[in-house]
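Nothing fancy with the numbering, it's 1 onward along the sequence.
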Amino acid sequence: MLKIREKILEKEKNDDYQTYQRLYRLRDVRQNLPHRCDPPESKNQKGIHQISTRLPDLSFVPDVLPGGCHHHITGKIDSGGGVMGVKMTNIQKPKDMSRRKFMTLAGGAAGFAAMAAMGLSAKNGECSVNIPEIDINKITYAENETDLLIVGSGIAGLFAAIKGHDSGASVLMVSKGRLGSSGMTPFAKGIFAYDSAKEKLSIEEFVDKISRSALGTNNPVFTRQMAEHSLARVNDLKKWGFFNSPLYFDAFSKPIKERNIPVIERVMITHLIKENGKIAGAAGFSMDEAKVHIFKAKSVVLCSGAGGFKPNGFPICDLTHDGTVMAYNIGAKVTGKEWNDGHPGQAENAAACYDGWHGMFDRKPGTTGIGIRHDLGVESNYQAYMAGNPVAGGPPGRASGNKVSGGPSRPAEFAENHRHGPPPGGDHKPGGAPGQMGGNSVGGSSAGMSIHKSEGLVPVNDKGASNIPGLYAAGDALGSHMAGAIYTQIGSSLAGSAVQGAIVSAAAAEYAKGIDLPKISKAKTRAIEKEILAPLKRKKGYSPAWVTQTLQGIMIPNFVLYIKKESLLKAALAYVEELRDHHMPMLRAADMHELRLAHETANMIINAEMKLKASIMRKESRCSHFRLDYPEVDTKNWNAWINLYKGRNGEMKLEKQPFDSWPS
């Protein structure tokens, strides 16, 4: 009988795990899930996991799980807030159990399996539960000092940390998520590698053709830089085992551990600190314990990625323009906000990110060769606007079916560029382009995000320096306009992040050699700490989830973001300004997880204002910016990038920066 009982328990355990895997494939990835727990390692564990994890939002789950059962979670809470000895057992869902209570019970178990699908191990203490209640009087504080503070742990942050260290600087990396497992990096499966011995196009010809596709919107200095250094960065990644697994944590950890670079994970940086006109450090908070962190640094390199409005169907819900907004708040210039990423989603199960990427999560990365395109989803959005949704699918920006007249124009040179999949050259079989969709597609899956490398801090030179001394940016946090306002080749974004991370951090390390560690006044740290914790101290106010949902309703419609006209842009701006002036100051949080959501929501509101004001200012249509009231390219007045900055009275200011120039 004992053996029979053991077999039953083993079958239940395996069924549980398979059920949770299916649930993960159907869930809407609305929140950052950079962590997971491994399945039981031995058959003798009988479904028991030693875990400590945040429970994700699983409100999408149907009332009854597959098989008509749900999972009862038992265990005890340790002194650090972790769940110890969790046991999962199948029980029938009582008829009188509310759906909310059921979600509370089932959410934990499904969350464990969702994390297991993302490559994290609970036994190493990599995940921890959010604190359900916060005693605001028991918040603790921590201070750190370093030459270079790297904000972000994607591929730009990886190379920034490594090359900064190799340049002789002390380096500290801080990440809102987990090394190699958050942001866009873990979903990028193709990396561009220019090999002059194999390619038919010279680098000069390559850069020139990119500029023609981008209608002049690219910065050729960064286009050339990416091509020249891409192969070296790919060879570095090969040494670390990057191409051996669809998960990047081990490959990223190898060079970090070899250099003993400290990494602080699951800390959200909310403020950059400036003293005497120069960068002095940063501040943020832990999502796993009631602690505020102050970082003193000679130089800060933002590798924090771009962001969106947490849309359905695209894995960018942990990206909310954190770096851009905190840099803007201390006087840094920002660019590229009128451009739009046009990645489509699928009409069926539109919120199922795993489904929409058609196996991309499971593939090993590969390299891509040169294949210059003019890829975008604006044509799809225009067709949907004129004829209704959904439209027939295809590769990015290639909607088929009955075409309507008018709409965004494509350069004649690229008009017949209808290739599927990655460009020729390179070992692209394991990787490839994201979301090669069949069936019907819908827009808005990447709403709020611009073209990779087009938005972010304005560079004042080719080293990624900003107009704030000591503040640098790389990857999607830098508005380098590497490919301009259009996608011109697959894999260049990942390569560009790696290349820029390496170059920028070397420059930041050189800058740090000539200065002393800045001093930050106590008055300033107290003021920053007060701003960080303000949502926790509010007894009443607005839920960040509700404000985010309201913002999505304002900004995601394709006739606001993608098919633009002044009347609707101004109408949307009026709503966003209401959120900025009234709702944003009243965001409240009950725990550290909600505190994160509150700061993310505030950042998205400021980004929405930037996008609308830049779109109103650019009175033409070009690449990924299309206006019904100004449908033609205007090279006389608009051969310029639009930069935004905060005025002396706190108002948002805009300016033109001519193409092929650095800001004055």
Heavy-atom donor-acceptor pair, Trp641 side chain to Thr217 backbone, under 3.5 Å: yes
Can any side-chain N or O of Asp375 pair as donor or acceptor with the backbone N or O of Tyr487 at less than 3.5 Å? no
Backbone of Asn643 reached by a side-chain donor or acceptor of Gln657 within 3.5 Å: no
Can you tell me if Ser450 uses its side chain to pair, donor with acceptor, with the backbone of Trp339 under 3.5 Å? yes
Does the side chain of Lys176 pick up a donor-acceptor pair with the side chain of Ser304 at under 3.5 Å? no
Going through the distances and angles, do His321 and Lys337 end up as a side chain to side chain donor-acceptor pair (under 3.5 Å)? CA-CA 11 Å; His321 298 279; Lys337 290 300 178 179; 3.2 Å; yes
Do Asn467 side-chain atoms and Gly331 backbone N/O form a donor-acceptor pair below 3.5 Å? yes
Parallel, tilted or perpendicular: which one describes the rings of Phe187 and Phe361, with boundaries at 30° and 60°? perpendicular
Examine the side chains of Gln500 and Ser480 and answer whether a donor and an acceptor come within less than 3.5 Å of each other. yes
What I want to check is whether the side chains of Ser211 and Asn218 have a donor and an acceptor closer together than 3.5 Å. yes
Under 3.5 Å, is there a donor-acceptor pair between the side chain of Tyr194 and the main chain of Ile203? yes
Is it the case that atom CG in Asn235 sees more than 12 heavy atoms from other parts of the structure closer than 6.0 Å? yes
Tell me, yes or no, whether the heavy-atom count around Lys463 atom NZ, taken from other residues, nucleotides or ligands under 6.0 Å, exceeds 12. no
With a sphere of 6.0 Å drawn around NZ of Lys524, does it hold more than 12 non-hydrogen atoms of other residues, nucleotides or ligands? yes
Lys/Arg cation over aromatic Tyr645: Lys653, 6.0 Å, 45° cone: no
Would you please classify the geometry between the Tyr248 ring and the Phe242 ring as parallel, tilted or perpendicular, with 30° and 60° separating the classes? tilted
Has the side chain of Asp208 got a donor or acceptor atom that lies under 3.5 Å from a matching backbone atom of Glu204? no
Indicate yes or no: does Asp250 engage Lys254 in a salt bridge with an N to O separation below 4.0 Å. no
Decide, yes or no, whether a salt bridge links Glu600 with Lys310 under the criterion of side-chain N to carboxylate O below 4.0 Å. yes
Charged N-O contact under 4.0 Å between Glu529 and Arg526: no
Return the orientation label for the Phe159 and Trp240 ring planes: parallel under 30°, perpendicular over 60°, tilted otherwise. tilted
Checking side-chain polar atoms at under 3.5 Å, does His452 have a donor or acceptor matched by the opposite partner on Asp476? yes
Does any non-hydrogen side-chain atom of Leu272 lie less than 4.5 Å from one of Ile468? no
